[in-house]
Amino acid sequence: MNFSKEIIQWYFQNKRDLPWRKTKDPYRIWLSEIMLQQTRVAQGLPYYEKFTEVFPTVYDLAKAEESQVLKLWQGLGYYSRARNLHYTAKDIVNNYNGEFPSSYSALLKLKGVGDYTASAIASICFDEIAPVVDGNVYRVLARYFDVDLPINSTEGIKMFKKLAFEVIDHDDPANFNQAIMEFGAVQCKPQSPYCIICPLASSCLGLKNQHVTTLPVKLKKTKVKNRWFNYIVIVSNQEETLLEERKGKGIWQGLYQFPLVETDKAVDDIEQHQLEIEEMIALKDVSITQFNQKPIIHKLSHQHLHTTFWVVETTNSLKNGIPLQEIRKYPVPILIGNFIEAFDF
DNA sequence: AAGGCGGGGCA
DNA sequence: TGCCCAGCCTT
């Protein structure tokens, strides 16, 4: 049996029972694929359940407020996915009569839909012979064919796409694509793959040449930048606080946070920032107390945020204050969400 | 071509 | 701790 038939057979015997495998509705397949970008199935699953419940159709998603979409997305990360998701839902409703396009090349035009996602939807929903190449596929192909081209080099990307075109099953591209990804996730795992019980072991070149543990090859890691965040948490006796929306470029675009003072090192004397803070929150002569003695280090893949929360109590009324009862309605990064849960307003 | 963009799980 | 995860967009 050849590579693709073997993979598909393995899939039929080992596939997990996942909700998006019970449908060919392009809306739901699209939704699941966006959510699973750079995200494990276990992490994305509860979000998929929530979204399909709240937004059963693309029309429901299109008519929602972006802040509601972001709120439901809260905790999943890479929030531009959520913004693009909402944008494309409106695009589908307004410009495609509510119907997703049915070809790889047409799907590729949608915002937030790249080579992988267009291939996934085209094959799963419309049986187009469009091979997917995600992290799992890179690993399976690199090992099986013993290819040490870096998977994130231009040449590597071209080569693995070519290999994927050569192995994709023309009779059943939908199941083949899901099969090779599932095989990578469950059997040909990054760490300690089950080569002993692998149905492809006899023809796997990486295994034969003892390269399994070093494949796939990936170029350099991202350098981590350190940043120091000081959040000003206002507690007014009128049951209000201040939140601001993060705009422009950078992390957490569109999410809310407390007023922020970013410094280039840890703050040891808050009085040096007293005036700056008072101007920012439009209050005078406030007393500032430190909530956490040691900075909370919130780790993103490319930034470490050394975060201190400073509490300001006031009896004055706030300009643009929000009622404390409504604080949980705002989409916030996990760092802020954790604080809100820990801090007894 | 390279860098930015989250949060969590695992060895 | 470092690496990886059903990648995409911007510069």
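Quick note on labels: first sequence line is chain A, next is B, and so on, each numbered from 1.
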Please classify the nucleic acid contact of [X] as base, sugar-phosphate, or nothing, using heavy-atom distances under 4.0 Å.
X	result
A:Gly75	sugar-phosphate
A:Thr117	sugar-phosphate
A:Asn177	nothing
A:Ile34	nothing
A:Ser80	nothing
A:Gly184	nothing
A:Gln253	nothing

Are [X] and [Y] side-chain neighbours, meaning at least one heavy-atom pair lies under 4.5 Å?
X	Y	result
A:Ile180	A:Asn136	no
A:Gln274	A:Ile288	yes
A:Phe309	A:Ile232	no

Quiz item: Are A:Phe183 and A:Tyr11 close enough that their ring centers fall under 6.0 Å?
Solution: no

Exercise. Measure from the ring center of A:Phe258 to the ring center of A:Trp310 and say whether it is less than 6.0 Å.
Key: no

Quiz item: Is there a donor and acceptor pair closer than 3.5 Å between the side chain of A:Thr39 and the base of B:dG7?
Solution: no

Quiz item: Under 3.5 Å, is there an N or O donor on one side and an acceptor on the other linking the side chain of A:Arg81 and the base of C:dC8?
Solution: no

Quiz item: Counting side-chain heavy atoms from C-beta on, which of C:dA6, B:dC5, B:dA1 comes nearest to A:Ile251?
Solution: B:dC5

Quiz item: Given C:dA6, B:dC5, B:dG6, which nucleotide is nearest the side-chain atoms of A:Leu36?
Solution: C:dA6

Self-check item: C1' spacing across the pair C:dA6 / B:dA11, given as an integer number of angstrom
Solution: 23 Å

Quiz item: Mind checking the C1' distance from B:dG6 to C:dC5? Whole angstroms is fine.
Solution: 12 Å

Examine [N]: is either OP1 or OP2 under 4.0 Å from a nitrogen or oxygen in the side chain of [X]? Give yes or no.
X	N	value
A:Trp73	B:dC5	no
A:Lys249	C:dT11	yes
A:Gln38	B:dC5	no
A:His302	B:dG6	no

Quiz item: Going by number, which of residues 4-33 of chain A have a non-hydrogen atom under 4.0 Å from DNA chain C?
Solution: A:Trp20, A:Arg21, A:Glu33

Practice problem: Under 4.0 Å from any atom of DNA chain C, heavy atoms only: list the residues of residues 123-140 of chain A that qualify, in numerical order. | Solution: A:Asp134, A:Gly135, A:Asn136, A:Arg139

In whole angstrom, what separates [X]'s [atom1] from [N]'s [atom2]?
X	N	atom1	atom2	result
A:Lys111	C:dG7	NZ	C1'	16 Å
A:Phe160	C:dG7	CZ	C1'	16 Å
A:Leu300	B:dG3	CG	P	18 Å
A:Arg83	C:dT10	CZ	C1'	13 Å
A:Leu108	C:dC8	CG	P	9 Å
A:Asn338	B:dG8	CG	C1'	12 Å
A:Tyr79	C:dG7	OH	C1'	17 Å
A:Ile297	C:dT1	CD1	C1'	13 Å

Exercise. In plain terms, say whether A:Glu240 and A:Lys319 are close enough for a salt bridge, that is, a side-chain N and a carboxylate O under 4.0 Å apart.
Key: no

Exercise. Decide yes or no on side-chain contact (heavy atoms from CB on, under 4.5 Å) for A:Lys329 and A:Ile322, but give the supporting numbers first.
Key: CA-CA 11 Å; A:Lys329 294 182 181 175; A:Ile322 66 149; over 6 Å; no

Self-check item: Residue mapping more 5' on DNA chain C - nearest nucleotide basis, A:Gln37 or A:Lys299
Solution: A:Lys299

Quiz item: Of A:Tyr78 and A:Arg40, whose nearest nucleotide on DNA chain C comes first from the 5' end?
Solution: A:Arg40

Quiz prompt | salt bridge (Lys or Arg N to Asp or Glu O under 4.0 Å) partner of A:Glu182, the single match among A:Arg21, A:Lys189, A:Lys15 | solution = A:Arg21

Quiz item: With a cut-off of under 6.0 Å to the ring centre and 45° to the axis, is A:Lys50 in cation-pi contact with A:Tyr47?
Solution: yes

Quiz item: With no hydrogens and no angle check, is any side-chain donor or acceptor of A:Asn230 less than 3.5 Å from a backbone partner on A:Ala266?
Solution: no

Practice problem: Measure the acute angle between the ring planes of A:Phe100 and A:Tyr27, then classify it against the limits of 30° and 60° as parallel, tilted or perpendicular. | Solution: tilted

